[in-house]
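Only heavy atoms go into these numbers, but all of them, side chains included; no hydrogens, no water, no symmetry mates. The chain is numbered in sequence order, starting from 1.
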Amino acid sequence: MGMNTTHHNTPRRHALTTLLGTLLAATLASPAAWAQDKFIVMASTTSTEQSGLFSHLLPAFKAATGIDVRVVAVGTGQALDTGRRGDADVVFVHDTAAEEKFLAEGFATQRRNVMFNDFVVVGPAADPAKVKGRDINAAFAKLATGTASFISRGDKSGTHAAELRLWKGANVDLAAAKPAGYKECGCGMGPALNMGASTGAYVLTDRGTWLSFKNRADLTVLVEGDKKLFNQYGVMVVNPAKHPHVKAALAQQFADWVVSPAGQANIAAYKINGEQLFFPNAGQ
């Protein structure tokens with residue numbers, strides 16, 4: 001009986017072994033199986049996500065390298081904190097002073113310029129606060145003394161940091177007294193613009209998100225062109241000396257690609273209605 005049982009089971013075992021071997025070989029040969037592990041987490045800003053840049057840029061990076069990028073889109077302050085915790089492999093943000101602090105703290109070993117665009121102030125076409133023009137200091141001074149509504153991101157993002165610098169430049173001390181119409185939403189760029197559109201408020205926004213924003217109501221660009229509205233983006237790989245689990249080699253491939261001629265050309269090619277949203281400047 002024992003011999004018969006062995007005899008009957010042997011072909012079955014052989015078939016099972018063959019099947020497992022075939023499945024294993026197919027799995028090992030499958031690029032898809034390997035690609036599941038070939039990904040990085042990027043902490044970035046709501047402006048790069050909501051402007052549509054990443055849906056244009058990241059497929060090109062994946063086609064070039066096979067690396068998937070999973071984006072955590074938050075304000076720049078939160079993105080840098082995500083990197084500090086080791087919950088991201090690379091950060092791609094827009095607050096140069098905060099990025100240099102991140103670097104000085106040892107959370108990255110290098111920061112590189114990638115691209116720039118600019119901030120603009122949008123508001124109701126009727127412009128009740130009479131801010132229209134190129135002078136951002138004058139515009140913020142008028143918003144500070146009037147009653148017109150102004151929506152602040154209030155979220156420690158790169159845009160919020162820029163806004164705080166602009167109030168200071170207009171000699172407005174927010175800590176002492178906020179303007180009558182000042183409202184903080186603690187939200188991303190898209191929601192802040194939605195609030196502005198629905199309430200007829202003024203909003204400081206990056207131009208990229210504005211160009212991709214559909215729900216404008218009667219909001220229009222009122223202040224632009226002041227050099228103080230320049231908006232630089234930088235990329236940093238999180239330092240594996242701080243967080244050994246970080247996928248530094250894969251993240252470095254992204255950082256290298258986004259400043260390479262191919263990555264820079266891809267950024268320049270992203271347009272909405274023929275208008276370029278971001279301007280590559282890795283060489284500067």
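- A donor-acceptor pair is defined here as one N or O able to donate and one able to accept, closer than 3.5 Å; such a pair exists between the side chain of Gln50 and the backbone of Gly190.
- In this structure the side chain of Lys62 reaches within 4.5 angstrom of the side chain of Asp68, judged on heavy atoms.
- For residues 168-195, the pairs satisfying side-chain hydrogen bond (donor to acceptor under 3.5 Å, both in side chains) are Ser149-Lys183, Ser152-Tyr182, Glu163-Tyr182, Asn194-Asn215, with sequence neighbours left out.
- No side-chain donor-acceptor contact under 3.5 Å links Ser157 and Thr159.
- Residues Ile267 and Leu57 are in side-chain contact: their nearest non-hydrogen atoms beyond the backbone lie under 4.5 Å apart.
- Shortest non-hydrogen contact noted between Pro124 and Ala201 is CD-O, 4.0 Å.
- Remark: the Ser47 side chain and the Ser51 side chain contain no N/O donor-acceptor pair separated by less than 3.5 Å.
- Listed by first and then second residue, the disulfide bond (SG atoms under 2.5 Å apart) pairs that reach into residues 186-231 are Cys185-Cys187, sequence neighbours excluded.
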Review point. Could you go step by step and tell me if Leu204 and Leu229 meet the side-chain contact (heavy atoms from CB on, under 4.5 Å) rule?
Key: CA-CA 10 Å; Leu204 179 76; Leu229 293 170; 4.2 Å; yes
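- Looking at Phe230 and Phe116, their side chains come closer than 4.5 Å, going by heavy atoms from C-beta outward.
- Annotation: cation-pi pair Lys247/Phe39 present, NZ/CZ under 6.0 Å from the ring centroid and within 45° of its normal.
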Enumerate donor-acceptor pairs with a distance under 3.5 Å from any side-chain N or O in residues 234-242 to protein atoms, sequence neighbours excluded.
{"from": "Asn239", "atom 1": "OD1", "to": "Ala241", "atom 2": "N", "distance (Å)": "3.0"}
{"from": "Asn239", "atom 1": "ND2", "to": "Gly106", "atom 2": "O", "distance (Å)": "3.0"}
{"from": "Lys242", "atom 1": "NZ", "to": "Glu105", "atom 2": "O", "distance (Å)": "3.4"}

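- In summary, the aromatic rings of Trp167 and Phe150 are positioned with their centroids under 6.0 Å apart.
- Checked against the 6.0 Å centroid criterion, the rings of Tyr233 and Phe278 qualify as a close aromatic pair.
- Evaluation of the side-chain hydrogen bond (donor to acceptor under 3.5 Å, both in side chains) test over residues 115-132, restricted to residues two or more places apart or in two chains, returns Asn117-Asn231, Asp118-Arg207, Asp127-Tyr202.
- Screening residues 253-269 for salt bridge (Lys or Arg N to Asp or Glu O under 4.0 Å), with sequence neighbours left out, gives Arg112-Asp256.
- Hydrophobic clustering keeps Phe54 apart from Val93 (ILVMFWY residues linked when any side-chain heavy atoms are closer than 4.5 Å, directly or through intermediates).
- Partners of Thr46 by side chain to side chain donor-acceptor pair (under 3.5 Å), not counting sequence neighbours, listed by chain and number: Arg153.
- Side chains of Gln264 and Asn281: a donor-acceptor N/O pair is absent below 3.5 angstrom, by distance only.
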Review point. Please walk me through it: do Phe61 and Phe254 pass ring-ring contact (aromatic ring centres under 6.0 Å, His included)?
Key: CA-CA 7 Å; Phe61 172 66; Phe254 176 79; 5.2 Å; yes
